[in-house]
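Report on the structure given below.
Lettering follows sequence order; numbering is per chain, from 1.
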There are 2 protein chains.
Amino acid sequence: MAVRRGVPKAGLSREKVLDAALDQIDAHGLPALSMRKLGAQLGVEAMSLYRHVPNKEALLDGLVDRVMETAFANLGEPAGDDWTSWLRTFAHSLRSALLAHPGVLPLVATRPVNSPDALRMSERWLAAMRAAGLPLGRALDVVNVIAMFTIGHTLAEVGQTPGHEGTEPDLDQRSGDLDPAEFPNLLEVIATRAGLDFDSRFAQAVDILITGYAGLTEVALDPGQQGAEGR
Amino acid sequence: MAVRRGVPKAGLSREKVLDAALDQIDAHGLPALSMRKLGAQLGVEAMSLYRHVPNKEALLDGLVDRVMETAFANLGEPAGDDWTSWLRTFAHSLRSALLAHPGVLPLVATRPVNSPDALRMSERWLAAMRAAGLPLGRALDVVNVIAMFTIGHTLAEVGQTPGHEGTEPDLDQRSGDLDPAEFPNLLEVIATRAGLDFDSRFAQAVDILITGYAGLTEVALDPGQQGAEGR
DNA sequence: GGACTCATGCTTACAGCGTAAGCACAACCT
DNA sequence: AGGTTGTGCTTACGCTGTAAGCATGAGTCC
């Protein structure tokens, strides 16, 4: 049996390390995260962290898993057989989770999600969507496409340089540099803010994707069988 | 006038520095790029690079611009007034450009594109799409959504850890760990490879997005969401 | 009790990083 | 010629991730 020997001196643990790292990133941005500073925040030397995390890369992977798990946690089990509304919820829940920790987003975009929880979640979703009538391959396609789009969109939204706010789409800052004769449309965009609303743009694109895939599966089966999928 | 004074000793230039950096990243991955190694590859000390680039961040920005410019260069001017096919071409051209330099992709995803060329290109596209009948806001939406999706999809495609290949969707590597009773669908995915073809998935999703937006402009010349007013 | 095991956290040390500051030189202009 | 300027090198600083080894104290077993 696994006998519990030796007890923490400073109450450190993998979970606490991850929590602290997330705090640090939320507060000061991803580039400001170093093992020494992280240790300092926990009242501990940098090397002590290596008892709970094999290296910094693994720590970052852990952060990705953690953020993804919150996206799933707010989600629950897919209920009913209207997969289109599950997916919409999933997309928005994922975006919320990503926006809650913008500093981690580049990591999420860049490394695989390996957590067992995520695997279990994928399995359950695939099962549910098949049960709702989608072919396996198509089910995987929709989920992946929604996830990839959400990540791409949120990356653009959170904006560029990690650890730097810039709530405005940064086009504004150089609107002064733009020659009105050469860039009339860009200037009109800035002036009217047409097409600059991330919320509605995201919702609209997700709807388009979902109804598009729904249309695919309808036609592929016999017309009239699956019926209404609209919103 | 700009008088050319002082001539390079080792024939260095901003362009050559960017070229070398791109080579280095293509060959050994993004994390392996350091100013010292880059200098060494150019037969020069690290500090010499700072005569041509203000700092490493700016160098990375330059790489992003460069890759984006190749995407535009393979594209040409939008011709005719079928904006749907321009956009499809744009999406695939962007994906090719990104796939050509996978190591740069995390940078593209993470920092703004500031190059004047990109601005000019945006302006021209907006003008052309308006001329083809799209409201300004919608035109910007479609282009942005396509770009964001392409970046998100390609990020997932190129895979995770930068500087590491892994052509297989890395699910394979742990297929042995999966309990067939618990993960029947995931295992079927791995076995049949259903939904694992990046090329066709990307093409399909892009088509769905474009025809979705095309449908919007057809149907809704006035019942659009909040901002959709004609011109 | 005493001995042993072992997880924990600290200390020290090293190689590598980005880059600030200042110097030496070569090419050009006047 | 003298001055100016662009170029590249040298040195140095503070920071990074982490390898290696040690001290401590809690827990188990005799």
Side-chain angles (χ1 to χ4, degrees), chain A residues 1-21 24-25 27-64 103 106-107 110-111 161-164, chain B residues 1-21 24-25 27-64 103 106-107 110-111 161-164:
Chain A
M1 270 304 280
V3 201
R4 286 209 119 289
R5 287 178 183 179
V7 128
K9 226 183 288 190
L12 220 41
S13 77
R14 182 186 148 94
E15 291 310 300
K16 286 189 186 173
V17 171
L18 288 180
D19 283 342
Q24 192 91 359
I25 291 180
H28 306 105
L30 181 58
L33 178 72
S34 82
M35 299 302 273
R36 288 177 226 256
K37 290 181 198 154
L38 184 52
Q41 178 178 315
L42 288 161
V44 139
E45 294 303 310
M47 288 311 292
S48 302
L49 303 173
Y50 285 83
R51 295 286 163 186
H52 303 97
V53 153
N55 53 48
K56 194 184 183 184
E57 289 294 294
L59 189 157
L60 299 180
D61 285 338
L63 292 181
V64 171
L107 303 176
T110 279
R111 40 192 85 214
T161 38
H164 160 261
Chain B
M1 271 298 289
V3 199
R4 285 210 117 290
R5 285 178 184 179
V7 131
K9 227 185 288 190
L12 219 41
S13 77
R14 181 186 150 95
E15 290 311 299
K16 285 190 186 170
V17 170
L18 288 180
D19 283 342
Q24 192 90 357
I25 290 180
H28 306 105
L30 181 57
L33 178 72
S34 81
M35 299 302 272
R36 289 176 224 257
K37 290 183 198 152
L38 185 52
Q41 177 177 318
L42 288 162
V44 138
E45 295 302 310
M47 287 311 292
S48 304
L49 303 173
Y50 284 83
R51 295 285 163 187
H52 302 96
V53 153
N55 52 49
K56 195 185 184 185
E57 289 293 293
L59 189 158
L60 299 180
D61 284 338
L63 293 180
V64 172
L107 302 176
T110 278
R111 40 192 86 215
T161 38
H164 160 262

Should B/Lys16 and B/His52 be marked as a side chain to side chain contact (heavy atoms under 4.5 Å, CB included) after you check the CA-CA gap, both sets of side-chain angles, and the distance that decides it? CA-CA 10 Å; B/Lys16 285 190 186 170; B/His52 302 96; over 6 Å; no
If you take all heavy atoms of A/Ile25 and A/Leu33, which pair is closest and at what distance? CD1-CD2, 3.9 Å
What integer distance in Å separates B/Met47:CE from C/dG18:C1'? 8 Å
Excluding sequence neighbours, so at least two apart, what forms salt bridge (Lys or Arg N to Asp or Glu O under 4.0 Å) with B/Glu15? B/Arg66
Expected rows: protein N/O vs nucleotides 14-17 of chain C N/O, under 3.5 Å:
{"from": "C/dC17", "atom 1": "OP1", "to": "B/Ser34", "atom 2": "OG", "distance (Å)": "2.9"}
{"from": "C/dC17", "atom 1": "N4", "to": "B/Arg36", "atom 2": "NH2", "distance (Å)": "3.4"}

Whole-Å distance separating the CZ atom of A/Arg51 from the C1' atom of D/dC22: 10 Å
Interatomic distance, A/Tyr50 OH vs C/dT12 C1' [rounded to whole Å]: 15 Å
Under the criterion side chain to side chain contact (heavy atoms under 4.5 Å, CB included), I'd like the reasoning laid out for B/Leu12 against B/Arg51: C-alpha separation, chi angles, the key distance, then a yes or no. CA-CA 9 Å; B/Leu12 219 41; B/Arg51 295 285 163 187; over 6 Å; no
Does a side-chain N or O from B/His52 land closer than 4.0 Å to OP1 or OP2 of D/dG8, or not? yes
So, OP1 or OP2 of C/dC10: does either fall under 4.0 Å of a side-chain N or O from A/Ser48? yes
Take the protein atom CG of A/Leu42 and the nucleotide atom C1' of C/dC10, then report the distance between them rounded to whole Å. 15 Å
Is any side-chain heavy atom of B/Arg14 closer than 4.5 Å to a side-chain heavy atom of B/Val17? no
A/Leu49 CG to D/dA19 P, straight-line distance once rounded to whole Å: 14 Å
Whole-Å distance separating the CD atom of A/Glu45 from the P atom of D/dT24: 16 Å
Work out which heavy atom in B/Leu38 is nearest to a heavy atom in B/Ala21; give both atom names and the distance. CD1-N, 3.5 Å
